[in-house]
Amino acid sequence: FHLKPGRISFMLRSRSKAINGLAAYENFYQFYNSRILLIDTAVNYEIPKKRIAIDYIIISRNPKIFIPAIARVFNVGTYIFDASNPLWKIGKWKKDCEELHLRFHSVPEQGAFVKVL
């Protein structure tokens with residue numbers, strides 16, 4: 001439903017199912033060389049022998065998660081907290097990230113996350 005107003009505005013009639021450079025499997029995405037994980041529900045990952053490298057974790061829809069638990073599973077470049085999460089919870093996640101020296105971006109406070117190529 002996010003794209004439909006844009007298609008109407010630009011009078012586009014056809015939809016494209018494929019985006020060049022994008023591969024997706026469940027909540028894992030790879031866009032060219034960037035690996036992205038979307039967390040939008042409570043998760044419980046098994047701790048691997050070696051942490052999994054992920055460039056970005058997008059946290060959306062107010063899931064019940066704990067940053068220290070996620071950090072034991074993934075080696076994350078940047079955590080991104082979107083605007084669908086309450087500010088009090090983003091504040092808690094930010095505090096956890098700061099204590100663990102992890103990079104993060106809060107969309108409601110800092111605006112859209114932009115990756116500079």
Side-chain angles (χ1 to χ4, degrees):
F1 72 67
H2 294 294
L3 298 177
K4 187 175 182 179
R7 284 197 288 273
I8 292 169
S9 176
F10 291 108
M11 293 182 271
L12 300 175
R13 299 188 198 287
S14 64
R15 293 183 182 190
S16 176
K17 296 283 185 187
I19 297 175
N20 291 337
L22 178 67
Y25 178 74
E26 295 182 2
N27 285 8
F28 289 93
Y29 300 88
Q30 182 158 344
F31 187 64
Y32 292 102
N33 292 327
S34 295
R35 293 169 307 271
I36 304 161
L37 172 62
L38 173 64
I39 298 177
D40 59 359
T41 59
V43 293
N44 187 13
Y45 294 112
E46 190 173 313
I47 298 174
K49 291 181 182 181
K50 182 178 177 186
R51 292 189 303 160
I52 301 164
I54 294 283
D55 296 302
Y56 305 100
I57 288 184
I58 301 170
I59 300 176
S60 182
R61 297 177 51 197
N62 194 24
K64 184 177 181 181
I65 61 160
F66 301 96
I67 297 296
I70 300 296
R72 285 191 290 270
V73 177
F74 298 101
N75 183 16
V76 181
T78 304
Y79 289 84
I80 302 170
F81 312 121
D82 79 8
S84 66
N85 300 297
L87 289 175
W88 68 267
K89 192 173 265 189
I90 291 174
K92 181 180 178 340
W93 292 332
K94 285 171 44 178
K95 182 180 176 199
D96 290 342
C97 286
E98 288 168 351
E99 289 174 0
L100 296 169
H101 306 287
L102 303 172
R103 282 182 269 159
F104 62 88
H105 181 90
S106 173
V107 172
E109 297 169 330
Q110 299 170 271
F113 178 80
V114 178
K115 178 182 176 184
V116 179
L117 299 176

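Remember, it's a predicted structure, so these values are computed and weren't measured experimentally.
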hydrophobic_cluster_shared for I65 and I58, side chain cutoff 4.5 Å: no

Give a yes or no on whether Y29 and I59 share a hydrophobic cluster (residues Ile, Leu, Val, Met, Phe, Trp, Tyr; joining criterion: side-chain heavy atoms under 4.5 Å apart). no

Should the pair F74 and Y45 be assigned to parallel (<30°), tilted (30 to 60°) or perpendicular (>60°) ring geometry? perpendicular

For the side chain of N85 and the backbone of N62, is there at least one donor-acceptor N/O pair under 3.5 Å apart? yes

Let's go through I70 and V43 carefully: what are the C-alpha distance in whole Å and the side-chain angles of both, what is the deciding distance for side chain to side chain contact (heavy atoms under 4.5 Å, CB included) to 0.1 Å, and is it a yes or a no? CA-CA 9 Å; I70 300 296; V43 293; 3.9 Å; yes

Please assess L37 against V76 for the test side chain to side chain contact (heavy atoms under 4.5 Å, CB included), listing each intermediate value before the final yes or no. CA-CA 10 Å; L37 172 62; V76 181; over 6 Å; no

Candidate pair V107 and I80, rule side chain to side chain contact (heavy atoms under 4.5 Å, CB included), full reasoning: CA-CA 7 Å; V107 172; I80 302 170; 4.0 Å; yes

Please, which pairs that meet ring-ring contact (aromatic ring centres under 6.0 Å, His included) have at least one residue in residues 82-117, sequence neighbours excluded? Y56-F113, F81-W93, H105-F113

For Q30 against R35, the heavy-atom pair lying closest together: OE1-CG, 4.0 Å

Between R61 and T41 (side chain of the first, backbone of the second, donor and acceptor by atom type, cut-off under 3.5 Å), is there such a pair? no

Whether the S106 and K94 side chains hold a donor-acceptor pair (N or O, under 3.5 Å, no angle test) is what I'd like checked. no

Side-chain heavy atoms under 4.5 angstrom apart, residues restricted to Ile, Leu, Val, Met, Phe, Trp, Tyr: same cluster for L102 and I90? yes

Which of I52, L38, I36, I54 passes side chain to side chain contact (heavy atoms under 4.5 Å, CB included) with F28? It is I54

Can you list everything that forms a side chain to side chain contact (heavy atoms under 4.5 Å, CB included) with E99? Sequence neighbours excluded, please. K95, D96

Closest non-hydrogen atoms of P63 and K89, given as atom of the first, atom of the second and distance, are O-NZ, 3.4 Å

Nearest heavy atoms of D55 and N33, plus distance in Å: OD2-O, 3.4 Å

Please report the closest heavy-atom contact between F31 and I19, naming both atoms and the distance. CE1-CG2, 4.2 Å

Listed partners of R103 passing side chain to side chain contact (heavy atoms under 4.5 Å, CB included), at least two apart: T78

Show your reasoning for whether side-chain hydrogen bond (donor to acceptor under 3.5 Å, both in side chains) applies to D82 and S60. CA-CA 6 Å; D82 79 8; S60 182; 2.6 Å; yes

Under 3.5 Å donor-acceptor, R72 side chain and I47 backbone: no

Group every Ile, Leu, Val, Met, Phe, Trp and Tyr by side-chain heavy-atom contacts under 4.5 Å, then state whether V73 and F66 land in the same group. no

